[in-house]
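Proteins come first, then strands; the chains are lettered A, B, ... in the order of their sequence lines, and each starts at number 1.
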Amino acid sequence: MRELSSLPNRRQLLAATAAAGALSLLPAGLANAAEGDAIRPFTFHASQTAIDELRRRIAATRWPEKETVADSSQGVPLATMQELARYWATDYDWHKAEAKLNALPQFITVLDGLDIHFIHVRSKHPNALPLVITHGWPGSILEQIKLIGPLTDPTAHGGKAEDAFDVVIPSMPGYGFSGKPTSPGWGPERMARAWPELMKRLGYTRYVAQGGDWGAFVVDQMGLQAPAGLLAIHTNMPATVPTDVDKALLAGSPAPSGLSAEEQRAYEQLVRTFKQVDYARLMASRPQTLYGIADSPVGLAAWLLDHNDADGQPAAAVATALNRTASATGELTRDEILDNITLYWLTNTGVSASRLYWEYKGGFFNAKGVKIPVAVTVFPGEQYEAPRSWTERAYPKLIHYNRVEKGGHFAAWEQPMIFVQELRAAFRSLR
Amino acid sequence: MSGLDSKIGRRHRHAPAALAGAVAMVLSTAAARAETMSPAPTGIGTVAQASVSSNLGDTSIRPFRIQVSDEALADLRRRLATTKWPQRETVTDASQGVQLATMQKLARYWHTEYDWRKVEARLNALPQFTTSIDGIDIHFIHVRSKHPNALPVIITHGWPGSIIEQLKIIDPLADPTAHGGQAEDAFDVVIPSLPGYGLSGQPTTTGWDPQHIARAWVELMRRLGYTRFVAQGGDWGDAVSEQMALQAPPELLGVHTNMPATVPDDIAKALQFGEPAPSGLSVDEKKAYDQLDYFYKHGLAYAQEMSNRPQTLYGIEDSPIGLAAWMLDHDIRSYELIARVFDGQSEGLTRDDILDNVTLYWLTNTAVSSARLYWENKLAFFAPKGITIPVAVSVFPDEIYAAPRSWAEKAFPKLIHYNKLDKGGHFAAWEQPMTFVQELQVAFRSLR
């Protein structure tokens, strides 16, 4: 049964519609024609049947034998997966994550024919700057929820009222609670067209956009399309690689001569990254073949865990988090890792999320030609640390460039307070 | 110990000795030391075939039979019935991977009509053995011809294949006169399971690359008493056979390959950088270039993933449908053929053929251990290796690439046979067994 909650700031009430199945999701496209631009409140309640079924499957996992090495050079080690599975099937409680989500105002609206789910929190402060934040793969809106309080209510989190944001966090098509596209075309370019429509529908006439991973592709595309109202973007995975360097990378050639020490270091990081993206190649060419991540929770978990960062594959930040049961400073914990994986499982989005790689045909870290104001934060654990020199060339209107001390590919999730401070500083000049 | 007195050529004697787990190998009591390698908490996926010999000096050849427990088959059916499916692909073709409709037809047939016991009986009707080589139990089929002077041949399967690929060619090779051939074309046939595959043991340490396997095969043939023999292979079987040829032990007379490594350096470089085909290519060369270009751009990712992250593929060990889809997606031509088979069309492979092979992987829990061979391998797959002994090549049109004669002649200076066939693809022995047998008969005639 679908359950609709009455949220204090919801905009429109939706006529109750029953939906069968484990999820309280509206089937994609439902009420589309009838409701036009309607914005419907949304909450999610996984059925007990779905939770029991997940646990049953984890407990019944058929394991491969142990890797033949003593490190993670063959993939996610068996011991890591078995310990995670043990906790996931027993003590882990999805309902805590669900409660956190349902405490936030969530909505669904149809954009370009597809149900798009989003969190929308308005600041109590007047003149708050509207901000749309886009997650990536293997992430979800759960990557960003720790940012919401500090961004919308800065005075309660050591900030000033004039740094307040209104925050919009959509689930990408095929991800989380958004609809799954049934025809091709939902690449970053199309999302970049849909998000401005979303902001407009929310009544925002001037706003900024933020993203990392696929979110970075989306905000770069928004920057290229430069819709009216978009003041600037912030990216924590900037695409700055100059053409000659990009060519050398793709060809596996040595670095072009004349690179500075910082650029040389970035080049080496990129070389390493391109050796760690087989998962991306697979999803870019054969996403539908990944039936195993739809059918096996442990298969899904391992696939999602094996994303790299600068310090390892799986990402060192994630591997560390698997051993962290609590954090007073908002650092990533084991529960948060499982919240994200469980969200993919319960929404059956392992394959639909993978399809985004198939949709995208463009380059990865090459400069895209964005002309509007851009703010960049360089986290040391990201795929590569974008040098200031490349960043200035890639983004001629660079309004902010800062290298921070901590954090990696999942920066908002790993270091929410640093991330929030960066966004405050990044956009201050545009208010 | 019964295992020690089962000498070469003795057909399968089998003392019943049930082992726990999915796959009970009925063999000598010596096999009771077979260790359970899988830490599966449920015990369902217990891999009985993975054993590490405690005695490296043990060269005994032990008869072998496979008998899968009813419980393992029931578990497979249960998992198939409860498959959690992804949403359908968003295209109307196979460009996003194995299509949902194909997988659902396969699942229905696998769950309701497929009978593993049939192939189990076929396997057990063949003389099968295990012997420990370099610490791993190697499983193999060994059929001696009744004809004197039969030529011994060791045939190696690939991924996602197994000894199942070669079952149809055994009798015609060993008993040609019963299949329209001549006694002087007879072969003694040895078909091993690669380490980590099927009923062979799963390596627990690194190092089982094609070079190591090639050395082990020579040891196997010596152990069987053969002093002159030939080798055959496609896919990984080609890599192994070509390494055998490179190592060139005195007993090895020649090799036959149906997936030869012949791609010249300049072509390989152009392909790597995604450049247009070099000018001056012949029609055959251009066709090969285009086939490789397509494969590298659209079809190589599974191999890259297994080369770097085999252990991450938990989903294909835990989900039979996940495993089947992963195995079906080897190359576009075979996938298209298999999709046609499940659409009810008649092809060189049947639904049972395809599921016999997938089910063998499933029941032996070898999805990840087989993938690991890609991680072990550091050789360039299609690059000429510098072989100087006699080589025979059969080119099947739907292989990943159809090797042109010009490239084959350069790669193999002692090319004793080159033939282009009209029909057949990557799984040539499985799909076109009689053509394949005739090719082997002709290919090796000059070496007898």
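Among all heavy-atom pairs drawn from A/Thr68 and B/Pro203, the shortest one is CG2-O, 3.3 Å. B/Val98 approaches A/Gln288 most closely through the heavy-atom pair O-CG, 3.1 Å. Taking every heavy atom of both residues into account, B/Ser369 and A/Glu65 meet most closely at CB-OE2, 3.0 Å. Minimum interatomic distance between B/Thr206 and A/Val69 (heavy atoms only, all atoms of both residues): CG2-CG1, 3.5 Å.
Each of B/Ile316, B/Leu328, B/Leu100 has some count of heavy-atom pairs under 4.5 Å with chain A, and the biggest count is that of B/Leu100. Interface remark: of the candidates A/Gly299, A/Gly292, A/Ala301, A/Ala284, A/Gly292 forms the most heavy-atom pairs closer than 4.5 Å to chain B.
Residue B/Tyr302 holds its OH atom at 10.5 Å from OG of A/Ser285, rounded to the nearest 0.5 Å. The structure places NZ of B/Lys84 at 4.5 Å from CG of A/Asn348, a figure rounded to the nearest 0.5 Å. In this structure, CD in B/Gln96 is found 7.0 Å from CD in A/Glu359, a value given to the nearest 0.5 Å. In this structure, CG on B/Leu313 lies 9.0 Å from CG on A/Leu290, to the nearest 0.5 angstrom. To the nearest 0.5 Å, the span separating OG1 on B/Thr312 from CD1 on A/Ile293 amounts to 12.0 Å. With rounding to the nearest 0.5 Å, the separation of CD in B/Gln87 from OG in A/Ser352 is 5.5 Å.
For B/Ala107, the side-chain contact (heavy atoms from CB on, under 4.5 Å) criterion is met by B/Trp85, B/Ile321, not counting sequence neighbours. Legend: residues meeting salt bridge (charged side-chain N to carboxylate O under 4.0 Å, His left out) with A/Asp246, ordered by chain and number and at least two apart, are absent. Partners of A/Thr182 under the side-chain hydrogen bond (donor to acceptor under 3.5 Å, both in side chains) rule, at least two apart in sequence or in another chain, do not exist in this structure.
Contacts between A/Arg86 and chain B at a heavy-atom distance below 4.5 Å are absent for every atom of the residue.
A donor-acceptor pair is defined here as one N or O able to donate and one able to accept, closer than 3.5 Å; no such pair exists between the side chain of A/Ser296 and the backbone of B/Ser319. In this structure, the side chain of B/Glu305 does not engage the main chain of A/Ala280 through any donor-acceptor pair within 3.5 Å. Looking at A/Arg62, its side chain does come within 3.5 Å of a backbone N or O of B/Glu317 through a donor-acceptor pair. Judged by distance alone, the side chain of B/Tyr314 and the main-chain N or O of A/Met81 form no donor-acceptor pair under 3.5 Å. In terms of modelled atom types and a separation under 3.5 Å, the side chain of A/Trp358 and the main chain of B/Ser95 share a donor-acceptor contact. Within the 3.5 Å criterion, the main-chain N or O of B/Gly322 finds no donor-acceptor partner in the side chain of A/Asp295.
The stretch residues 265-273 of chain B places B/Gln272, B/Phe273 near chain A, each with some heavy atom under 4.5 Å from a heavy atom of that chain.
Side-chain contact annotation: A/Gln74 with B/Arg372, donor-acceptor N/O pair under 3.5 Å present.
Cation-pi contact between B/Arg309 and A/Trp303: absent, since separation from the ring centre below 6.0 Å together with deviation from the ring axis within 45° is not met.
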